[in-house]
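Here is the structure we will look at, set down as structure tokens.
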Number of protein chains: 2
Amino acid sequence: MSEVIPLKILDSARCGAKDSFCNQCKVRKRSFCSALDDVEIGELSAISSQKTYHAGETIFEEAAKISRFANIIEGTVKLSKLLPDGRQQITGFLFPGDFVGKIYSENHTTFVEAVTKTQICTFAQGSLENLLERHPHLTRRLFGLSNQSLERAEEWMLLLGRKTAREKIGSFLLLLSQRASERGDDPDNIHLAMGRADIADYLGLTIETVSRQISKLKTEQVIRLGAGNIVHLNDREALQELAEGA
Amino acid sequence: MSEVIPLKILDSARCGAKDSFCNQCKVRKRSFCSALDDVEIGELSAISSQKTYHAGETIFEEAAKISRFANIIEGTVKLSKLLPDGRQQITGFLFPGDFVGKIYSENHTTFVEAVTKTQICTFAQGSLENLLERHPHLTRRLFGLSNQSLERAEEWMLLLGRKTAREKIGSFLLLLSQRASERGDDPDNIHLAMGRADIADYLGLTIETVSRQISKLKTEQVIRLGAGNIVHLNDREALQELAEGA
DNA sequence: CGGGCTCTTGACTCAGCTCAAGATTTGTGG
DNA sequence: CCACAAATCTTGAGCTGAGTCAAGAGCCCG
């Protein structure tokens, strides 16, 4: 979180300028914006604005009317759904470069909340959808991302409905590792930005079960816990087998 | 299933003709094709062809390269994912009017299998994606359907991760009822096209638990089981409360 | 009308939950 | 930099909802 660009600098770099903020954005190459070239990106810059949230702050309310989309620049975000009595299911975690929102939809369908201090780049719904009309390849890119979200959701349904607690923890660690590697981070020393409660709500478990399973993997030397919520994956092979019930 | 149009008639009505098959298609108004007017639909007709599958037949293999998309005309279809040891999770059921396939994706991500005798209308990937370039409103429609799938997946993650067996069965019956009503069928007398095993694999339960919970609802007079796998919803209110844990 | 399904029901087991302490980490003010 | 309160995490003991195993009841369909 120490690398979050202070808001002041962001504000002075507000988009719309020829020399757009986007061109020096640290997630430019990884996010949906990479579908636009250096000239086209100016149009996106022109309709974007940045915002920072503290850990725990709500970014979008569940069922709220969609008015803006967002791109995560820095931080970790969770998407969740609630039952009337307070039971929670986290449907996904988002990381830098990830897109938030459903194109051509009326309403949000999940809570969107900052897990850590988070910096996002937002676009008004109309402006972005208007931009899509003129750039079919951008539409295709966002359609692709939407499909990717669906694939991840399907994979998670398999986990929630059919995997054991041990398999769930294994799968979770591998997912974080894979996503870290996509971002260019070290896949063997992963940072757990979220607490046990969020992990439990993501895996359909209780915090006690999460804690016990992690302790067990530690005892078995499959993982090692370091300072600053770092998990070292000692034995990726073992983790992979365990995640699918071998 | 008695209303399935015999293949012979279908073949003679093959699309491409001015007076397209689509214009007399029984799911025309409900499926993605409704985004096209009576002239435009001719283009879709020209690239479509029909096919029938028997119960249990595979329509698309998991992880297979996408070469065709499909629209369900008649029957019930299941989407599922498997673990190496055979555990199965059904990620969704599809009904007449539903679209199958991920636009702008490389591969399928689930098995697609006929639950009952099923009739589909298929389109070659390239042809349909080509059509999308010329009809942005069709793209928007399919994007909307993709979002709807994602919303349903999120809802199901909440069910799989956080609901009790009783709540799961209640939610399942209400889902079938809602989908039946969208199709213009009676929402209070729903047809269970799938067996207990498929219900169990959809809800993350065992067949015994599914059977016990259904029996319990029957004893409590919330539902009544009729001939031909019909479930009568006697008390929709009770079902609704029970589905969310009231 | 009989063989092979699927579905139901019962008895028992167990993975993961609940409840309850402690231990560790984090944040805060002096 | 330390003390100490609050929050989070770990661990233990016992419980329970759903799973497993097993037997019997319906119900197609030839």
Side-chain angles (χ1 to χ4, degrees), chain A residues 1-2 54-56 83 85-89 115-117 159-173 191-220 223-231 242 245, chain B residues 1-2 54-56 83 85-89 115-117 159-173 191-220 223-231 242 245:
Chain A
M1 265 170 291
S2 55
H54 293 290
L83 249 11
D85 63 6
R87 281 174 286 173
Q88 183 181 55
Q89 177 65 45
V115 172
T116 62
K117 189 173 179 185
L159 175 143
L160 291 170
R162 291 301 182 211
K163 290 190 181 179
T164 63
R166 183 174 167 83
E167 290 161 1
K168 284 176 175 181
I169 294 288
S171 302
F172 172 69
L173 292 175
H191 175 230
L192 285 191
M194 65 294 292
R196 297 290 183 268
D198 280 343
I199 299 175
D201 284 341
Y202 191 32
L203 301 176
L205 299 171
T206 58
I207 52 174
E208 293 94 331
T209 299
V210 169
S211 185
R212 273 186 255 271
Q213 293 296 334
I214 289 180
S215 296
K216 192 140 174 276
L217 290 180
K218 200 171 56 176
T219 307
E220 296 167 352
I223 60 172
R224 192 162 52 82
L225 303 189
N229 294 317
I230 298 290
V231 180
L242 163 172
Chain B
M1 267 171 290
S2 55
H54 293 289
L83 248 13
D85 63 5
R87 280 174 286 172
Q88 184 181 54
Q89 178 65 45
V115 171
T116 63
K117 189 173 178 183
L159 176 144
L160 290 171
R162 291 300 182 211
K163 290 190 181 179
T164 64
R166 183 174 168 84
E167 291 162 0
K168 284 176 175 181
I169 294 289
S171 303
F172 171 70
L173 293 174
H191 175 229
L192 284 193
M194 65 295 292
R196 297 290 184 269
D198 280 343
I199 299 176
D201 283 341
Y202 190 32
L203 302 176
L205 299 171
T206 58
I207 51 175
E208 293 93 333
T209 299
V210 169
S211 185
R212 275 187 255 268
Q213 294 296 335
I214 289 180
S215 296
K216 192 140 174 275
L217 290 180
K218 200 171 55 175
T219 308
E220 296 167 352
I223 61 173
R224 192 162 53 81
L225 301 189
N229 294 316
I230 298 290
V231 180
L242 163 171

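Quick note on labels: first sequence line is chain A, next is B, and so on, each numbered from 1.
Atom NZ of A:K216 and atom CD1 of A:I169 lie 11.5 Å apart (nearest 0.5 Å). The CG atom of B:L203 sits 8.5 Å away from atom CD of B:Q89, with the distance rounded to the nearest 0.5 Å. In this structure, the separation between CD on B:Q213 and CD1 on B:I199 is 12.5 Å, given to the nearest 0.5 Å. Residue B:T164 holds its OG1 atom at 6.5 Å from CZ of A:R87, rounded to the nearest 0.5 Å. B:L217 CG to B:R224 CZ: the interatomic distance, rounded to the nearest 0.5 Å, is 14.5 Å.
With sequence neighbours left out, the side chain to side chain donor-acceptor pair (under 3.5 Å) criterion links A:Q88 to A:S80. Remark: B:R166 pairs with B:E220 by the salt bridge (charged side-chain N to carboxylate O under 4.0 Å, His left out) rule, at least two apart or across chains.
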* To do: Using the side-chain contact (heavy atoms from CB on, under 4.5 Å) rule, take B:I214 and B:R196 through it: C-alpha gap first, then chi angles, then the decisive distance, then the call.
  => CA-CA 10 Å; B:I214 289 180; B:R196 297 290 184 269; 3.9 Å; yes
* Under the side-chain contact (heavy atoms from CB on, under 4.5 Å) criterion, do B:L225 and B:I230 qualify, and how do the steps go? -> CA-CA 6 Å; B:L225 301 189; B:I230 298 290; over 6 Å; no
* Tell me, with the steps shown, if B:R162 and A:L160 meet side-chain contact (heavy atoms from CB on, under 4.5 Å). => CA-CA 9 Å; B:R162 291 300 182 211; A:L160 291 170; over 6 Å; no
* Structure fact -> The contact string for nucleotides 8-13 of chain D, one letter per nucleotide 5' to 3', using protein heavy atoms under 4.0 Å with B, S and - for base, sugar-phosphate only and none, comes out as -SBBBB
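Between B:R87 atom CZ and D:dA18 atom C1' there is a gap of 16 Å when expressed in whole angstrom units.
Contact detail for A:F172 and A:M194: the closest heavy-atom pair is CZ-SD, 3.9 Å. The shortest non-hydrogen separation linking A:S171 to A:K163 is OG-NZ, 2.9 Å.
The C1' atoms of five pairs define one axis at each end of the helix from C:dC1-D:dG30 to C:dG30-D:dC1, and these two axes lie 50° apart (to 10°).
Residues from residues 198-206 of chain A with heavy atoms under 4.0 angstrom of DNA chain C, sorted by number: A:G204, A:L205, A:T206. Contacts between residues 159-171 of chain A and DNA chain D, defined by a heavy-atom separation below 4.0 Å, involve no residue at all.
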